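Within every chain, numbering begins at 1; the chains are lettered A, B, ... in the order of the sequence lines, protein sequences first and strands thereafter. Quantities reported herein were computed from a predicted structural model and do not represent experimental measurements.
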There are 2 protein chains.
Amino acid sequence: MSQNGAGIDLDKSLGYLLKEASSALRAAMEEVLRPLGMTVTHYSCLELLAQRPGLSNSELARGAFVTRQSMNVLLQALERDGYVTRPAAAPVGKVLPARLTPRGRRSLEKATVAVRSVEVRMLAGLTETEQSGAFRILQSMIHSLRDDNAGA
Amino acid sequence: MSQNGAGIDLDKSLGYLLKEASSALRAAMEEVLRPLGMTVTHYSCLELLAQRPGLSNSELARGAFVTRQSMNVLLQALERDGYVTRPAAAPVGKVLPARLTPRGRRSLEKATVAVRSVEVRMLAGLTETEQSGAFRILQSMIHSLRDDNAGA
DNA sequence: TGACTCATGTCAGCATTCTGACATACATTG
DNA sequence: CAATGTATGTCAGAATGCTGACATGAGTCA
């Protein structure tokens, strides 16, 4: 297949499968978050802040895999609606550390339950060994992709 | 950046890792495709057509994980630029089977080389056994997510 | 101290994708 | 045969994310 210039066999490509799995996961998450009036990025932002209070806009953006401009739009909306607070002035530099409000924390709780159920469903049928194997393998892929990325 | 350097160890759930890996793969693909003036969806469409000539717009959309409306926009551009052809009238029903032109095939060849190098890089450091393990695991995840999706 | 580099927050404009909607074509069912 | 359900191609408007750009603050280095 690879030799005769036939291209990448999509049925056997791990890259394609990775995209497919990610797409299925996102769709499943959107489905359970929609009744809560929340998007995936919206949830990601809240979850990140819950685990690491005081993250800046740029750090949140990297954690949610969007640009800092996109995250900024979201953060302003979350701030306006009272899910998140940021100080008016930066304690140091320009960085504005964001934190969840009680309301934001309450909102996140429901979402976390929903998202956790999706993850549990995704991992059903996999043994503990397989799961930790998947963990290692995915980390290896990420590392390999990022490594040469900078060099090239 | 964050000066406290506190735990970069984010919520390293398998779901998050999956998203991270997929994001890294997409970024790496965008990087090698940009010099060729091609986006990931653009490339996906061409690759799909190379392997399964005659796919319809809707089928291409499903294969590239976008809506048929988005794929339609892309297909019209590809058609206008001479990479793809579709019959003026549908042979049967409304389905318009798309095919690569020689120009489209030439364009794809370069892109395939670039994308293949990314995939090779991603899999560097993984044994054959690990790769087939990853394959099975990803398929299991996809199946589990889609299965209950319909039911629940 | 001053020049330089880097990262940040934010504004503005653009691109891409999505949701909603419609007409059409085929298959199924009564 | 008619009614229904499903799938398609396509248009239009809205949402979302991105690129480009700017000023600001901090760290580095001579």
query: Which residue lies toward the 5' end of DNA chain D, A/G93 or A/R26, if each is placed at its nearest nucleotide?
result: A/R26

- prompt: Is any side-chain nitrogen or oxygen of B/R68 closer than 4.0 Å to OP1 or OP2 of C/dG20?
  reply: no

- prompt: salt bridge (Lys or Arg N to Asp or Glu O under 4.0 Å) between A/R26 and A/E30: does it pass, once the steps are laid out?
  reply: CA-CA 6 Å; A/R26 166 167 278 265; A/E30 279 171 351; 3.5 Å; yes

message: Taking donor-acceptor contacts at under 3.5 Å, does the side chain of A/Q69 reach the base of D/dG20?
response: yes

- prompt: Rounded to the Å, how far apart are A/E79 CD and C/dG9 P?
  reply: 12 Å

- prompt: Are OP1 or OP2 of D/dT16 and a side-chain N or O of A/T39 less than 4.0 angstrom apart?
  reply: no

- request: Round to the nearest Å and state the distance from B/L60 atom CG to D/dG9 atom C1'.
  value: 13 Å

message: With a cut-off of less than 4.0 Å, is there a side-chain N or O of A/N72 near OP1 or OP2 of C/dG9?
response: no

query: When all nucleic acid strands are considered with a 4.0 Å heavy-atom cut-off, which category describes B/L74: base, sugar-phosphate, or nothing?
result: nothing

message: If you assign each of A/R86 and A/R34 to its closest nucleotide in DNA chain C, which residue comes earlier from the 5' end?
response: A/R86

task: Please determine if a side-chain N or O atom of B/Q76 lies less than 4.0 Å away from the OP1 or OP2 oxygen of D/dC11.
output: yes

query: Of the nucleotides D/dT8, D/dG17, C/dG9, which has the atom closest to the B/K94 side chain?
result: D/dT8

- prompt: Quick one: A/L55 CG to C/dT8 C1', roughly how many Å, whole number?
  reply: 14 Å

- prompt: Relative to each other, are the rings of B/F65 and A/Y16 parallel, tilted or perpendicular (30° and 60° limits)?
  reply: tilted

query: Rounded to the Å, how far apart are B/L96 CG and C/dT24 C1'?
result: 12 Å

query: Under 4.0 Å: is that the gap between some side-chain N or O of B/T67 and OP1 or OP2 of C/dT19?
result: no

message: Among D/dT10, C/dG9, D/dT8, which nucleotide has an atom closest to any side-chain atom of A/S58?
response: C/dG9

task: Find the distance A/N57:CG to C/dA7:C1' and express it as a whole number of Å.
output: 12 Å

- request: Look at the side chain of B/R86 and the backbone N and O of B/E79, then say whether any donor-acceptor pair between them is shorter than 3.5 Å.
  value: no

query: Under 3.5 Å, side chain of A/E119 to main-chain N/O of B/L14, donor-acceptor pair present?
result: yes

- request: Please report, rounded to the nearest Å, how far the P atom of C/dT17 is from the CG atom of B/L75.
  value: 12 Å

message: Less than 4.0 angstrom between a side-chain N/O of B/S70 and OP1 or OP2 of C/dC18, yes or no?
response: yes

- request: Choose from D/dG20, C/dT8, C/dA21 the nucleotide whose nearest atom is closest to any side-chain atom of A/V95.
  value: C/dT8

- request: May I ask you to decide if B/V40's main-chain N or O and B/S44's side chain share a donor-acceptor pair within less than 3.5 Å?
  value: yes

